[in-house]
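The analysis underlying the following values was restricted to heavy atoms, covering all of them including side chains, and did not include hydrogens, waters or symmetry mates. Keep in mind that what you see is a predicted model, and the values were worked out from it rather than measured. Residue numbers start from 1 in every chain, and the chains themselves are labelled A, B, ... in the order their sequence lines are given, proteins ahead of strands.
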Amino acid sequence: MNTALPFLFDLLSYTAVFVLVVLGLGVIASMMGIFNFAHGEFLLLGAYSVFFLDQMGVPPSIGIICAPLIVGLIGLVIERFAISRFYATPVVAMLGTYAIGLVIRESVRTALGGQFHTVEAPLNGTFSIGETSISQWRTFVILITIALLFGCWWLFQKTNFGLKVRAAIENPMLARSSGIAVNQVYSITFAFGAALAGLAGALMVPLYPLNADMGVTFLIKAFLAVMLGGLGGLQGSVAGSTLVGVTSAALPWFIKPVVADMMVFIIAILVVKFRPDGLLSRRRS
Amino acid sequence: MSGKKKNDGVDSNSRRIFTQRTSLMAGLVALGGGSFLMQPEGAWAADPIKVGIATDLTGPISWAGIVNANVAKMVIAEINKGGGLLGRPLQMVLEDTASNEQLAVTKVRKLVSQDKVDVVLGGVTSSMRNAIKDTIVNRGKTLYIYPQLYEGKECTPNLFCTGPTPAQQCDTFIPWLIKNGGKKFYLPSADYVWPHTLNDYAKKVIKANGGEVVGEEYFPVDHSEYSATVNKIMTSGVNVVFNTTIPPGVGSLFKQLHEAGFGKKGGRLACVYYDENALGITPANEIEGLATCLDYFSAINDPMGAKIFNNYKTLYGDKSRFCAGGAGTGMWRGLMLWAEAVKEAKSVKRDAVAAALDHAKLTDGPGGGCEMVPGTRHLKMNMYIAVSKGGQYNVVESSKMVLPGECA
């Protein structure tokens, strides 16, 4: 059996999932300067929405479309009532979002009775290339991730809304005096980031069992990716998550998985040592 | 004048808020943050016997802890309905150890020194047992019953284990796997004490039966991607994947094995903790043919097991089921054996109860009766091998009164 193809597909598929997870976190962190510790729980909410709708008889394909809308809406409410009070104090924001995350996580845990659940993928099967069987759903996730990356790039670089968002980050005072409703822009950006997390969770739930801690697993590495990429732009987060995703997926092929897990962090620390402002910092300085 | 009036208003208002807050605080203090007192129903003349339950109602281990607490509530209510023990009712003091060992030590210290419970049951993971046992048994001088299947080697005096041991889960199971799977084993495992110790035992049994371990790999406990391992399994002609990776990661491992065609090519999945609640982790078709070896399955359909199973379902719904792996059966046996021992000892004093518990016996229970092997503080019990088919377990082999092989 050929090893190269499964290896490459694995790299691509894990990196795609990981970029998907980091994207929403990156949007909120780089656009608003808020380190959203509830990001993992937004992901969880996305996954839970699909499961919940599935239980109600709604097919997962529809559930996956609804999930980002539901989580985006929840994000909007949370931004209005909690996050909007934290903009001046980023450290308090971290603690606040951590608390919000904890409440969401334990509520979902209660709703699930602490058990693990599964949702059938809308595309449930494999196709073969040579002797290698490739998962259809993972392929779909890769394609969606690529599409989303282009979508986000277009949204933030090419649209009027993107211009307002970038103006609001660059100089909130000037943006405000130029007639941009900065608070509204922040609300929408946060809701958008939450919706991205919801979508990531919804796409992931056929791959990983649904349980209250599914978001936590990814959160630390996701923050690592944002840190690696540097703040200030979405490209940084994407570059950071690609690096973390590729190393996380590739290393277990060559070294012991337990060591691989540590190596990811060691490599990241080395990168930060030589590029303290992030992988793509050159562009902004 | 108006100023005074306004002041009055503020005063009465803040007084009301003060009263509200104090009563709220008092309520919270009474609850004690995750601690629950279950008073026995009805009127009792005698003081209650206190049963301490320390288990993970929240956090990652709550999938087992919730079942644990439910079973304890059910059994204690039943004992009380039947007249209690020694003419005294049982009172359950439940502490949520929140899947957190440091917190748990504080909680069990409260159980033994403040509540002065007569026995403590609980703890799911081995790390939890190791964290709390000294506080209960040595410093607290209280009896401790550990209900979960585990890696063995726990020989602390006054600590009784009521779940299956590696010998019980491997001795009949591995020869069966070699006969119904093949000789080449791969051992993907989570990196903590249970998989390491269980694998050491399993490897001996595999070799003794003419099998071969092709690979043994340890992953961080929260690992979720297994492509590299799946590729190694698929390329090295493995017949049996003897898995000890844990939820939720285990779901992706099984899914990826399924997608790579492991089952289609005749491979056999085996996982000794995979009880009926775990069947929900992956879609049924992905673990078709998965084999496990546990002390109880609802498919055994023994009258006692069915009665407990249905009783549990009526009380707690079907979010989680009464089953073996999450220490459900271990908790049931632990409480019932302890009750028998108290009756025999005619006392709740630790030494007297421990002496009686050392040879305690239940003629019936979920999956059949069980009996302490004197001097070992472990149980011999019936073990069953089951294979999953269409999301259900079918029992394919049963062994009577398998010895625990511990502390002898």
Of the non-hydrogen atoms in A:Glu120 and B:Pro283, which two are nearest, and what is the gap between them? OE1-CB, 3.9 Å
One should read off an interatomic distance between B:Ser62 OG and A:Asn211 CG, to the nearest 0.5 angstrom, of 9.0 Å
Is it the side chain or the backbone of A:Ala111 that comes within 4.5 Å of chain B heavy atoms, both, or neither? backbone
A:Glu106 versus chain B, heavy atoms under 4.5 Å apart: side chain, backbone, both or neither? side chain
Interface moiety of B:Asp222 toward chain A, non-hydrogen atoms closer than 4.5 Å: both
Answer yes or no: is there an ion pair linking B:Glu216 with A:Lys256, defined by an N-O contact shorter than 4.0 Å? no
Can you tell me if A:Ser133 uses its side chain to pair, donor with acceptor, with the backbone of B:Glu259 under 3.5 Å? yes
Is there a side-chain contact between B:Met234 and A:Thr3 (heavy atoms, below 4.5 Å)? no
Need one label for A:Arg138: side chain, backbone, both or neither, based on atoms under 4.5 Å from any heavy atom in chain B. side chain
Output the option from B:Thr282, B:Ile281, B:Val67 having the highest count of non-hydrogen pairs under 4.5 Å with chain A. B:Ile281
Residues B:Gly59 and A:Arg109: closest non-hydrogen pair is O-NH1, 3.0 Å
Please test B:Ser224 against A:Phe218 for side-chain contact (heavy atoms from CB on, under 4.5 Å), starting from the C-alpha separation and ending with a verdict. CA-CA 10 Å; B:Ser224 57; A:Phe218 287 91; 4.2 Å; yes
Minimum heavy-atom separation for A:Leu207 to B:Lys255, with atom names? O-CE, 3.7 Å
Need one label for A:Thr110: side chain, backbone, both or neither, based on atoms under 4.5 Å from any heavy atom in chain B. backbone
Tell me, for B:Asp56 versus chain A, whether the close heavy atoms (under 4.5 Å) come from the side chain, the backbone, both or neither. neither
Between A:Pro252 and B:Ala228, what is the shortest heavy-atom contact and its length? O-CB, 3.6 Å
Close side-chain approach of B:Asn231 and A:Trp253, heavy atoms under 4.5 Å: yes
Between A:Ile134, A:Thr126, A:Val258, A:Leu112, who has the most heavy-atom pairs with chain B when the cutoff is under 4.5 Å? A:Val258
For the residue pair A:Pro209 and B:Ser252, what are the closest heavy atoms and their distance? CD-N, 4.2 Å
Non-hydrogen side-chain atoms of A:Pro257 and B:Glu217 separated by less than 4.5 Å: yes
Provide the closest heavy-atom pair for B:Glu225 versus A:Tyr208 in the form atom of the first, atom of the second, distance. OE2-OH, 2.5 Å
